[in-house]
Amino acid sequence: MAKQLTLGKNERLKSRKGIEQLFKEGKKMIVAPYRVLYILEKSAKGSSLLFAAAVSAKSFKNAVDRNRIKRLTREAWRLQKNDLKKKTESANIQLNVFLIYTGKALPEYKEVFTKVGAVLNQLEKRVAE
RNA sequence: GCUACAAGCCAGGCUAUCGCUCCCCGCAUUGUGCGGGGGGAGGAAAGUCCGGACAGCAUAGAGCAAUGCACCGGUGAAGAGCCGGGUUUCGCGUAAUGCGGAAACAGAUAGUGCCACAGAAAAUAACUGCCUUCUCCCUCUCCGUCAGGAGAGGGUCGGGGUGAGGCUGAAAAUGUGAGGUAAGAGCUCACAGCUUUUGAUGGUAACAUCAUUCGCGGGUAAACCUUGCAUGCUGAAAUGCCACGUAUAGUACCGUUUUGAGGGCGGCUCGCCCAAGGUACAGGGUAGGCAGAUUGAUCCCGCAGGGUAACUUGGGGGACAGAUAAAUGAUAGCAUUAACCCGCCUGGGCCAAGGCUUCGGCGGGUGAAACAGAAUCCGGCUUAUCGGCUUGUAGCUUUU
RNA sequence: UGACCCAUGGUGUAAUGGUAACACUACUGAUUUUGGUUCAGUCAUUUAUGGUUCGAAUCCAUAUGGGUCAA
């Protein structure tokens, strides 16, 4: 059980090409403080669920605050993402997700946890379709 | 004990659970996974204001331009940094010596520009004023042959002499006194101030003191500028290598032995050298990995020596982030500093009483929260910063 | 990471080192039965702090905020 709650290098979206494709062709949806970009592809290679997070430097001037939001977002994703991952694996679909925090105030961990859970629920519905 | 200032240090701790990244070992294993062990943000990592290391390109030479710096000595790899000294200046203070701070601190007789308002005038004269044995006019007196002459006084314009009297301003031609003159003026003299030359003494030097000598020509160079010195340009998105991949591919223009496009040359010109391809537009491909790259002018010391100090020599000691859409985190609990809240006790004050207020003590409860995140590395500077500890200085208070 | 630029009323712009100007907006008053038009007036610590200068929006230094460029 403990093994499954990981978020290593191979589960994060790291390639510049993948991100540019996501911004060009990906679909958008907005969940509370997050703007979500995602793209679905058949025939997954490697991990079937890739994830990245970002915060605008305009709304948070200090690097400390941006780092904290990204860390909280990653933590919430890490703890809740497994159900979605099982579905994508079983459907043999690759799903790339990019979360952008657009709020103006520093969030609490609990808030982030529930919001990321909502994002995951939405994505599960899209995957089911 | 409290308060203020200065210097130095620290920048929350422990436990559990779940995670991230790098290195080593073992096992499985080509990609990687699992297990064990170890390392993992700062005093400013920030701003990017200076200086370097390092790398690439350039490096026959000359001139011009551009940029920066500017008292002296030291320090250091270097600097617009730091340390010490000098000078000027500001504040405080004394009978006096002083104490503390600040300074882009070369040149204003090399030249040009600017100096609002006010003022006669802002640098060179004019205006006004003063003087005039110049000219003209008027009045008075005297002489006189009734043409005029002499003397005195006064006046306007013009000519000549004079230069700081004009008081406005931030700033007015060094100040005071005397002489001198038709009137005046450093024109002359005395004293004082500033400044130049030369010399002596002290000091490594800046400079100081004394003597001598030439002068007194406003301010502004953080206006242009002049003098001296320095500077090749570009910055890790530099740069080198490997892999993948496309169109041996289109259009226009310039040029190809001498008449030479362009390049070296990335500030410009001359000059030198190389030179057969070059420029623009449109389009296509890649955007992965490794090195650079983490041990270096590194840091520390109840050490020893040198130096006023910055700093340095020797010795010893252990320590050392390396991510790359970018790690160092999340949650829970415990104890606790400051702070806050509640209750009790004692003393003081107000008060008829009830009660209110305050210093201190005891008990209980809440309770980590400053500025801020490495991105090639290093030395400085600047800015942000809750709070704590140590040392020193000053003031107040208490006890002995 | 590196290089560079800007900041003036509420907004957009001016201003040789010498009284901070103009347009629009807002507000107040006058004119009008009322509104509009028109007229008059009000609204600036020139981002901040220091320095140079007799004098700084302007020149210099440092900081703050905003923006641009470089694969």
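Since the structure is predicted, the reported quantities are computational estimates derived from the model, not experimental observations. Chain letters run A, B, ... following the sequence lines, proteins first and then strands; every chain starts at 1.
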Participant: Go through the structure and list residues passing side chain to side chain contact (heavy atoms under 4.5 Å, CB included) with A:E124, not counting sequence neighbours.
Facilitator: A:D83, A:L84, A:K87, A:N121
Participant: Quote, to the nearest angstrom, the C1' distance that separates B:U239 from B:A53.
Facilitator: 16 Å
Participant: Roughly how far apart, to the nearest Å, are B:U383 and B:C362 at atom C1'?
Facilitator: 47 Å
Participant: Any strand is fair game: report the nucleotide pairing with B:G26 by Watson-Crick or G-U wobble, both distances under 3.5 Å, or none.
Facilitator: B:C34
Participant: Does C:C22 have a Watson-Crick or wobble mate here (both distances under 3.5 Å), and if so which one?
Facilitator: C:G12
Participant: Looking at the side chain of A:R78, which of B:C18, B:A325, B:U21 is the nearest nucleotide?
Facilitator: B:C18
Participant: Anti or syn, where syn is a glycosidic angle within 90° of 0; which label fits B:G43?
Facilitator: syn
Participant: Sticking with atom P, work out how far B:G388 lies from B:A338, rounded to a whole angstrom.
Facilitator: 9 Å
Participant: Can you tell me how far C1' of B:A325 sits from CZ of A:F98, to the nearest Å?
Facilitator: 6 Å
Participant: With nearest nucleotides of RNA chain B determined for A:E75 and A:L79 from heavy-atom distances, which residue corresponds to the more 5′ nucleotide?
Facilitator: A:L79
Participant: Return the nucleotide paired to B:U156: Watson-Crick means purine N1 to pyrimidine N3 with N6-O4 or O6-N4, wobble means G-U with N1-O2 and O6-N3, both under 3.5 Å.
Facilitator: none
Participant: Just how far, in rounded Å, is C1' of B:G19 from NZ of A:K70?
Facilitator: 18 Å
Participant: Tell me, which pairs form a ring-ring contact (aromatic ring centres under 6.0 Å, His included) where one or both residues lie in residues 77-100 of chain A, sequence neighbours left out?
Facilitator: A:F23-A:F98, A:F51-A:W77
Participant: With sequence neighbours left out, what residues match A:E75 under side chain to side chain contact (heavy atoms under 4.5 Å, CB included)?
Facilitator: A:R78, A:L79, A:Y109
Participant: If we take the P atom in both B:G81 and B:A102, what is their distance in whole Å?
Facilitator: 14 Å
Participant: If we only count heavy atoms from C-beta on, is the A:M29 to A:L123 side-chain gap below 4.5 Å?
Facilitator: yes
Participant: Please give the distance between the P atoms of C:G10 and C:C59 as a whole number of Å.
Facilitator: 24 Å
Participant: Looking at B:A375, which nucleotide sits across from it as a Watson-Crick or G-U wobble partner, both distances under 3.5 angstrom, or is there none?
Facilitator: none
Participant: Which base sits across from B:A80 as a Watson-Crick or G-U pair, both distances under 3.5 Å?
Facilitator: none
Participant: Taking only residues two or more places apart in sequence, or in another chain, which ones meet A:R66 in a side chain to side chain contact (heavy atoms under 4.5 Å, CB included)?
Facilitator: A:V55, A:A57, A:F60, A:A63
Participant: Would you indicate what A:R66 reaches in the nucleic acid, counting non-hydrogen atoms under 4.0 angstrom: base, sugar-phosphate, or nothing?
Facilitator: nothing
Participant: Any strand counts, and the cut-off is 3.5 Å on both contacts for Watson-Crick or G-U wobble. Which nucleotide pairs with C:U34?
Facilitator: none
Participant: OG1 of A:T114 to CD of A:Q80: how many Å apart, nearest 0.5 Å?
Facilitator: 8.5 Å
Participant: Does B:A7 fall in syn (glycosidic angle within 90° of 0) or anti?
Facilitator: anti
Participant: Say you pick atom C1' in B:U87 and the same atom in B:G51; how far apart are they, in whole Å?
Facilitator: 29 Å
Participant: Could you tell me the Watson-Crick or G-U partner of B:C187, where both distances fall under 3.5 Å? Say none if there is no partner.
Facilitator: B:G179
Participant: Both A:R71 and A:A63 contact RNA chain B. Taking the nearest nucleotide for each, which residue is further toward the 5' end?
Facilitator: A:R71
Participant: Take atom P in B:G119 and the same atom in B:C167, then report the distance between them in whole Å.
Facilitator: 11 Å
Participant: List the residues meeting side chain to side chain contact (heavy atoms under 4.5 Å, CB included) with A:N67, not counting sequence neighbours, and say none if there are none.
Facilitator: A:K70, A:R71
Participant: Which glycosidic conformation, syn or anti, is assigned to B:G186 if syn requires a torsion within 90° of zero?
Facilitator: syn
Participant: When rounded to the nearest 0.5 angstrom, what distance separates OH in A:Y38 from CG in A:L49?
Facilitator: 13.5 Å
Participant: Measuring only the C1' atom in each nucleotide, how far is B:A122 from B:G113? A whole number of Å is fine.
Facilitator: 14 Å
Participant: Going 5' to 3' along nucleotides 43-48 of chain B, which nucleotides have protein heavy atoms under 4.0 Å from the base (write B), which only from the sugar-phosphate (write S), and which from neither (write -)?
Facilitator: ------
Participant: Can you tell me the base-pairing partner of B:G1? Count Watson-Crick or G-U wobble geometry only, both distances below 3.5 Å, and say none if there is no partner.
Facilitator: B:C396
